[in-house]
Amino acid sequence: MSFRKRVYALVQTIPLGKVAGYGHVAAALGSPRAARQVGFALAALPGGTDVPWHRVLRSSGHIAQQGDPGRPLLQRGLLEAEGVVVEQNRVAMDRYGWVFPGGASEMG
DNA sequence: GAGATGACGGGCT
DNA sequence: AAGCCCGCCATCT
C-alpha cells in the first residue's frame, strides 16, 4: 500500500457536503508534513474516479491550483453541487471542515 | 543511489 | 490584512 493509495482510501471517508485540508489528510496518514504528497496523489487521479478529491482543499479553505484552470473550476462546481458554498474560491472550513475519526482530541 | 519536482504550510514584512 | 520565500516528504527518472 503506497502513500497515494492511503490518500484515496482516506478521502473516500469524507462525507458528502464536507471538506478537508491536505495537511489534515496527510496528518491522518501519519505524515503531517506530507501535505504536498496528498495533492500529488490526488493530482494523479484519473477522470471518473471513485475518490471525492474535490472535497480536499487548502488549509485555509482555498481551492488549490494546478496550472490547469479547469481543475479548480470543476472542484468549485462539484462542491456547490454538494451544497458547499464557495466564495472567491474559498469555503467556510469553519462550517464544512471535516475532521477524521481516530484523532478526536477535542477538549472542552 | 541520487537529483529534480510539486493540488502545501507557516513565518516575516 | 495580503504577498513572498523556503522547507518538507513522497514520487518519478
Using residues 73-81 of chain A as the side-chain source, report each donor-acceptor pair under 3.5 Å to any protein atom, sequence neighbours left out, with the distance given to one decimal.
{"from": "A/Gln75", "atom 1": "NE2", "to": "A/His54", "atom 2": "O", "distance (Å)": "3.0"}
{"from": "A/Gln75", "atom 1": "NE2", "to": "A/Val56", "atom 2": "O", "distance (Å)": "2.7"}
{"from": "A/Arg76", "atom 1": "NE", "to": "A/Asn89", "atom 2": "OD1", "distance (Å)": "3.2"}
{"from": "A/Arg76", "atom 1": "NH2", "to": "A/Asn89", "atom 2": "OD1", "distance (Å)": "2.6"}

Value for CZ (A/Phe3) from OG (A/Ser31), rounded to nearest 0.5 Å, stands at 5.0 Å
Distance check needed: C/dT11 C1' versus A/Leu42 CG, whole Å only.
14 Å
Can you tell me the distance, in whole Å, between the CD atom of A/Gln65 and the P atom of C/dG3?
12 Å
In Å, rounded to the nearest 0.5 Å, how long is the span from NE2 of A/His24 to CD1 of A/Ile14?
11.0 Å
I need the CG-C1' distance between A/Leu10 and B/dA7, as an integer number of Å.
16 Å
Straight-line distance of A/Arg58 CZ to A/Met93 CE, nearest 0.5 Å:
11.5 Å
What residues from residues 24-34 of chain A pass a heavy-atom cutoff of under 4.0 Å to DNA chain C?
A/Ser31, A/Arg33
Between B/dC8 (P) and A/Arg4 (CZ): distance, integer Å:
15 Å
Roughly, in whole Å, what's the span from CG in A/Asn89 to P in B/dA7?
16 Å
Any side-chain heavy-atom pair from A/Val7 and A/Phe40 closer than 4.5 angstrom?
no
Salt bridge flag under 4.0 Å for residues A/Glu82 and A/Lys18
no
Mind calculating the distance between CZ (A/Arg90) and C1' (C/dA2) to the nearest angstrom?
11 Å
Atom pair CG (A/Leu57) and CH2 (A/Trp98), whose distance is rounded to the nearest 0.5 Å
15.0 Å
Rounded interatomic separation in angstrom, taking OH from A/Tyr22 and P from B/dC8
6 Å
Would you say that more than 12 heavy atoms from the other residues, nucleotides or ligands in this model lie under 6.0 Å from the CD of A/Gln66, or not?
yes
Are the side chains of A/Val84 and A/Arg95 in contact, using a 4.5 Å heavy-atom criterion?
no
Compare side-chain N and O positions of A/Ser2 against OP1 and OP2 of C/dA10 and report whether any pair is under 4.0 Å apart.
no
If you check every side-chain atom of A/Phe3, which of B/dG9, B/dA7, C/dT11 has the closest atom?
C/dT11
Enumerate all atom pairs, one protein N or O and one N or O from nucleotides 11-13 of chain B, separated by less than 3.5 Å.
none

Heavy-atom nearest nucleotide on DNA chain C taken for A/Phe40 and for A/Arg36; more 5' hit belongs to A/Arg36
From the candidates B/dA7, C/dC12, B/dG9, the one with an atom nearest any side-chain atom of A/Arg58 is B/dG9
